[in-house]
Every structure is written in C-alpha cells, then in structure tokens.
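Along the sequence shown, residues are numbered consecutively beginning with 1.
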Amino acid sequence: MKTALIALYLLTVTAPVWIALLAVPQTDHSFWSEVAKNSGLIGIGVLLMQFVLASRLPVTNRYVGLDSVMIFHRSMGMFALALLLVHPFLLAFGEGNWKLLYGLDQTWYIWAGKTTLLLLLVHILISVFRRSLRLSFERWRVFHDSLAIAIIALALLHSWYAGGDLSALPMQILWVLLGGAAIAAFVWHRLIRPRRLASKPYRVDDVRQESPDVCTLRFALPEGETANHLPGQFHFLTFPNSAVVPAEEHHFTISSSPTLTGFVESTIKASGDFTSQVGKIQSGETAIVQGNFGRFSYTLNRDESELVFIAGGIGITPLMSMLRHMRDVGDERPVTLIYGNKTEADIVFRSELDEMQSTQQPSLQVEHVLSAPDKPWAGENGHIDGKLLNRLLGGELMRTGFYLCGPAAMTSKVVTALRHHKVPRHNIHTESFSLTEDTAPTSARSIFRKWVTALAIVIAVVFTVTVAGIRAGGSEASGDGHEHSHSHHSH
C-alpha cells in the first residue's frame with residue numbers, strides 16, 4: 001500500500017505535463033520555453049498536493065506515518081519553489097523576451113504569477129525561520145494558511161489564463177480536479193473535522209504530578225468511544241475553554257495503554273510557555289482530541305524476538321505506553337529499557353518501572369543512566385552512547401528491535417552505534433517530538449523518506465525535460481499544425 005500511495009503521488013504531480021503532452025503533442029515553442037512551462041505546471045501540481053499531504057489523512061498516517069509525511073511535505077514545498085523560480089527565467093530566455101521579468105507593462109495574469117512567486121518565497125521563509133521570528137504556532141498557522149490560499153488562487157489564475165495548455169479540455173478538467181482536491185482537503189482539515197471533533201470533547205478527569213516538571217493528564221473518552229490507539233502513538237490536543245493555557249493545538253504522546261478502559265493519558269513535560277502551564281489545568285475542563293498518529297509501535301513489528309527501548313528524558317512516554325500494553329496483554333518477549341536522565345528526580349514513572357521489573361510483567365530489565373546525579377549514585381553515569389550500549393547489550397542483536405525516543409543528539413549517536421554493531425536499519429525504530437525536523441537522519445525511515453523525495457524530484461525533472469524535448473520538436477518547422485501553447489489570450 002505504501003508503494004501505491006507513492007506511485008499515486010508521483011502520478012498526480014506529473015499529470016499536468018503528460019496530459020499536456022497527450023493533448024498537444026507538439027508546439028511552436030523552443031525547448032527552453034517548454035522546459036519553463038513544464039516547470040510551472042509541475043510546480044503548481046506539487047503546490048496543490050501540499051494541501052492533501054498536510055490534511056492528516058488516515059491512510060497516509062497508517063502506511064507512512066504523519067511525521068514522514070510532514071517532513072516530505074516540507075521538502076516538496078522547497079522543490080515547488082525551485083521549479084516556480086526557474087519558470088520565469090527559462091521562459092524569458094526561451095522566448096527571447098527578458099521584459100517578462102522586469103517590464104511593468106504586463107497583463108494582470110502575468111502580475112498574478114509574479115505575486116505568486118513573491119508570496120511563496122515569503123511563505124517558505126516564515127516557515128523556515130518561525131522560531132527566529134518568535135511566532136507562536138497558532139499565529140504562524142494563520143499566516144501559513146492565509147498565504148497558502150492566496151498562493152494557490154493566484155497560481156491557478158495565472159496558469160489558466162497565461163498557459164495555452166489550459167485551452168485543452170483535458171487540462172482544464174485536470175486543473176479543476178486538482179484544485180478541487182486541494183480545496184476539499186483544506187476545508188476538511190481546517191473547518192469540517194475540527195467542528196466534528198469539538199462536538200465530542202474529551203474531559204480532563206485527573207491531573208497528577210509525575211516529577212517536578214512532568215505531569216500526566218487523564219482524559220475521559222466521549223460516550224461510546226474506546227481507546228483504539230497503538231501503544232506508542234500520539235494525538236493532538238486543544239483546550240478551547242481553558243483559563244490557564246491558550247486554545248492552541250499541540251501534539252503529545254499517548255502514554256497510556258489502549259487496554260485502559262474509558263480513558264487515555266498524556267504525560268507532558270514543562271518545556272515552553274504552553275507546556276509549563278499544563279499542570280494547572282483543572283479536572284472537568286474539556287479538550288478537543290485528534291488522533292491517533294504515528295508508526296512508532298512495537299506492535300507493528302511482530303518478528304522481533306527481543307526488544308530494547310532507549311529513552312532520554314520525556315522520550316519515555318511512548319515506550320511506557322508499549323511497556324504497559326505488553327504487561328496488560330501478557331507479551332513475554334524480553335525487554336531492556338535504557339533510560340537516560342539528568343538526576344534521579346527527573347526519572348518519570350520510576351515506581352511503576354520498578355514494579356514491572358520486580359514482577360517481571362513484562363519481562364523487563366531497567367538500566368537508568370544519569371548525566372549529572374546530584375547525590376551518590378550506584379547506577380550508570382554519563383550519556384547513552386556506543387560504549388555504554390556495548391557494555392550493556394553485546395551478544396547477537398540481529399533479531400532485536402530497538403526503539404529510540406529522546407533528544408536528537410542522543411538518537412543520532414545511538415543509531416550510529418547500532419549500525420556499527422551491524423544492527424539492520426529496519427530493526428531500528430525512532431520517534432521524534434518534531435513533525436518538521438529529521439532527528440534520526442541515518443534511520444531506515446529517514447533514508448527511505450530521502451529516497452522517495454529524491455525519486456519524486458528526479459522523476460519530475462526527467463518528465464520536465466523529456467516532454468519539453470518531444471513537444472518542441474516542431475519549433476524549427478513552420479508553425480502549421482502546431483499549437484502556440486504559451487498563451488491562449490492576447491497579451
């Protein structure tokens with residue numbers, strides 16, 4: 001199914017070029033003019049699909065994972081910008097008309113294209129430098145959505161009126177379908193689904209302190225609903241009526257097992273303006289919950305005979321969900337948990353982990369690692385790295401599943417160490433609390449995502465150049481029998 005989704009995406013974003021080829025096999029334009037037009041067509045196709053990628057479709061999350069989809073979304077946004085930036089320059093070069101770039105006496109749809117480029121550049125710069133600009137997520141999201149709608153509207157208008165390919169009925173149908181899909185995805189994601197979720201709110205049933213800066217929120221499920229998440233997944237939370245936190249959407253791991261009846265829990269560390277106030281939320285408050293997302297779960301990898309969980313700080317939460325689930329369903333596979341913190345006081349779930357280890361439900365061995373113990377400590381000191389893993393593990397690791405969640409520096413070091421010990425990439429599973437940054441660039445999922453991104457870019461470029469060569473075949477001949485495909489409106 002994953003392959004089918006990737007193929008469908010590639011087919012969709014390249015459809016404007018190959019449908020244009022079928023509709024108008026040859027034109028009277030130069031090769032570079034055709035390359036320019038194809039760059040614009042595929043660039044707009046990629047932009048339209050950005051709305052679909054960002055709409056959190058269950059099918060893409062199930063087979064690919066929301067984190068991978070969103071990082072891919074970010075990469076393809078940059079690629080679309082590159083395609084649309086080269087479009088006017090190659091067109092001016094191919095047409096021998098540099099006034100297209102700097103001339104003020106242009107038709108309105110040419111100005112629409114220029115405005116599209118400017119807004120797209122601003123759009124991406126704001127996204128890349130959001131933290132430097134100190135924009136809150138919700139404020140950035142308003143900018144992001146507003147600019148995206150304006151960009152798509154202007155791009156569709158520009159291409160419809162400036163591109164002669166759009167005079168062909170198949171291309172018009174395609175543009176309506178792609179534009180309609182983008183609009184439908186946006187309306188569903190930002191308007192319809194939030195209202196549906198708000199009509200069935202979750203209720204905060206309990207707030208308990210796990211450590212000085214970590215608390216767990218327990219949510220009572222709406223009537224008739226049951227916990228259906230995989231252990232290790234996350235969800236999005238919004239507190240629309242809270243007096244202590246703003247009504248912003250944030251994603252947090254579900255730390256409870258799906259076997260917990262009538263409730264789900266999220267364990268949250270105070271690490272920012274929003275999370276620092278979460279512990280003040282009162283029982284009885286309501287929350288809008290969207291989920292469940294992610295593919296970081298031991299239940300998706302049944303062939304692994306032994307498990308090693310490696311956590312740093314609050315990265316314990318998805319692994320705790322897995323351990324609780326293993327306990328509740330009687331999974332007897334041996335598990336080693338290597339858990340890094342700064343001090344003993346920072347260890348979350350310590351008493352429950354001790355109980356699991358003493359009762360061997362599940363078959364658990366816990367190794368705590370402290371980087372800065374504030375009192376005498378008999379356990380492991382320092383950071384989780386290759387030397388520590390070599391000392392604690394050793395042995396045959398080929399059928400061992402490794403599950404990593406923690407700071408990016410820790411994750412990167414551990415993945416490198418495991419690969420040094422010949423652990424197969426597909427047995428190394430990583431999770432990040434970021435949906436836009438790759439914190440494990442050498443993991444199997446990251447490498448697969450990079451290959452897919454590279455494949456999409458290469459196929460788009462090959463289509464752009466190849467189709468341009470085919471359609472420009474009549475450029476040296478007389479104009480008879482060829483269509484002038486740059487514009488079907490007078491300038």
Side-chain angles (χ1 to χ4, degrees), residues 61 65-68 70-71 210-211 213-214 216 229-235 250-257 265-269 271 275 291-301 304 307-326 335-342 346-350 352-353 356 362 364 366-369 371 383-385 388-389 392-393 400-419 423 425-446 449:
N61 176 68
L66 184 61
D67 55 340
S68 289
M70 295 311 297
I71 293 174
E210 302 284 0
S211 73
D213 58 352
V214 176
T216 293
H229 63 280
L230 299 178
Q233 287 190 307
F234 63 92
H235 53 198
H250 292 261
H251 63 282
F252 298 105
T253 303
I254 306 170
S255 54
S256 56
S257 166
E265 295 180 342
S266 278
T267 302
I268 302 168
K269 180 177 181 177
S271 58
T275 53
N292 309 296
F293 298 101
R295 291 185 54 79
F296 185 67
S297 179
Y298 83 100
T299 61
L300 298 175
N301 305 286
E304 297 168 344
L307 304 176
V308 175
F309 294 168
I310 302 176
I314 198 61
I316 187 63
T317 51
L319 302 174
M320 195 65 192
S321 177
M322 297 187 213
L323 289 171
R324 287 167 168 168
H325 184 259
M326 295 182 75
V335 189
T336 300
L337 170 64
I338 303 174
Y339 185 16
N341 283 284
K342 187 176 181 179
D346 297 316
I347 300 175
V348 186
F349 307 125
R350 186 172 188 180
E352 188 174 355
L353 290 171
M356 285 181 176
L364 176 66
V366 182
E367 299 286 352
H368 291 291
V369 183
S371 61
H383 297 277
I384 301 175
D385 55 20
L388 183 140
L389 293 175
L392 295 181
L393 300 176
T400 300
F402 290 84
Y403 293 78
L404 286 60
C405 187
M410 182 206 82
T411 301
S412 181
K413 288 180 181 178
V414 171
V415 171
T416 300
L418 294 177
R419 291 293 297 142
V423 176
R425 291 189 193 276
H426 61 81
N427 283 2
I428 304 173
H429 315 283
T430 62
E431 180 66 307
S432 166
F433 293 123
S434 171
L435 291 178
T436 58
E437 298 175 7
D438 190 349
T439 59
T442 58
S443 67
R445 292 187 69 213
S446 177
R449 185 168 58 242

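Minimum heavy-atom separation, Val415 to Ser443: CG1-N, 4.2 Å. Considering all non-hydrogen atoms of both residues, His429 and His426 come closest at CE1-O, 3.2 Å.
Lys413 NZ to Ile310 CD1: the interatomic distance, rounded to the nearest 0.5 Å, is 13.5 Å. Separating the CG atom in Asp385 from the OG1 atom in Thr416 is a distance of 11.5 Å, to the nearest 0.5 Å. Annotation: the span from Ile428 atom CD1 to Ser446 atom OG amounts to 12.0 Å, rounded to 0.5 Å. Interatomic distance, Leu307 CG to Leu364 CG, rounded to the nearest 0.5 Å: 10.5 Å. To the nearest 0.5 angstrom, Ser297 atom OG is 9.0 Å from His229 atom NE2. Expressed to the nearest 0.5 Å, how far CZ of Arg350 lies from CD1 of Ile316 amounts to 13.0 Å.
In this structure the side chain of Val423 never reaches within 4.5 angstrom of the side chain of Thr400, judged on heavy atoms. In this structure the side chain of Arg324 reaches within 4.5 angstrom of the side chain of Glu265, judged on heavy atoms. Looking at Ile338 and Leu388, their side chains come closer than 4.5 Å, going by heavy atoms from C-beta outward. The shortest side-chain heavy-atom distance between Leu323 and Leu353 falls under the 4.5 Å cut-off. The shortest distance between side-chain heavy atoms of Leu392 and Thr336 does not fall below 4.5 Å. Val335 has its side chain out of reach of Met322: every pair of non-hydrogen atoms, C-beta onward, lies at least 4.5 Å apart. At least one side-chain heavy atom of Val348 sits under 4.5 Å from a side-chain heavy atom of Tyr339. Between Leu393 and Phe402, some side-chain heavy-atom pair lies under the 4.5 Å cut-off.
Residues satisfying the ring-ring contact (aromatic ring centres under 6.0 Å, His included) criterion with Tyr298, sequence neighbours excluded, are His325. Residues forming a side-chain contact (heavy atoms from CB on, under 4.5 Å) with Arg295 (at least two apart in sequence, or on another chain): Leu300. The side-chain contact (heavy atoms from CB on, under 4.5 Å) check on Asp213 picks up Ser211, Lys269, Ala270, with sequence neighbours excluded. Every residue two or more places apart in sequence or in another chain that forms a ring-ring contact (aromatic ring centres under 6.0 Å, His included) with His251 is listed here: Phe234, Phe236. Remark: Arg449 engages Ser68, Asp438 in a side chain to side chain donor-acceptor pair (under 3.5 Å) (not counting sequence neighbours).
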| What do the steps show when you test Arg445 against Asp67 for side chain to side chain contact (heavy atoms under 4.5 Å, CB included), and what is the final call? | CA-CA 10 Å; Arg445 292 187 69 213; Asp67 55 340; 3.0 Å; yes
| task | Start with the C-alpha distance between Thr267 and Thr253, add both sets of side-chain angles, then the distance that settles side chain to side chain contact (heavy atoms under 4.5 Å, CB included), and finish with yes or no. | result | CA-CA 7 Å; Thr267 302; Thr253 303; over 6 Å; no
| request: Just do the side chain to side chain contact (heavy atoms under 4.5 Å, CB included) check on Met320 and Met356 with the steps written out, would you? | output: CA-CA 11 Å; Met320 195 65 192; Met356 285 181 176; 3.9 Å; yes
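The backbone N or O of Gly294 sits less than 3.5 Å from a side-chain atom of Asn61, completing a donor-acceptor pair. In this structure, Ser257 contributes its side chain and Ser321 its backbone to no donor-acceptor pair below 3.5 Å. The main-chain N or O of Ser266 is never found under 3.5 Å from a side-chain atom of His235 such that the two would form a donor-acceptor pair. The backbone N or O of Leu230 sits less than 3.5 Å from a side-chain atom of Gln233, completing a donor-acceptor pair.
By the 6.0 Å contact criterion, NE2 on His383 is open, its count of non-hydrogen atoms from other residues, nucleotides or ligands being 12 or less.
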Could you list the donor-acceptor pairs under 3.5 angstrom formed between side-chain atoms of residues 403-411 and any protein atom two or more places apart in sequence or on another chain?
| residue | atom | partner | partner atom | Å |
| --- | --- | --- | --- | --- |
| Tyr403 | OH | Asn301 | ND2 | 3.0 |
| Tyr403 | OH | Glu304 | OE1 | 2.7 |
| Thr411 | OG1 | Pro407 | O | 3.1 |

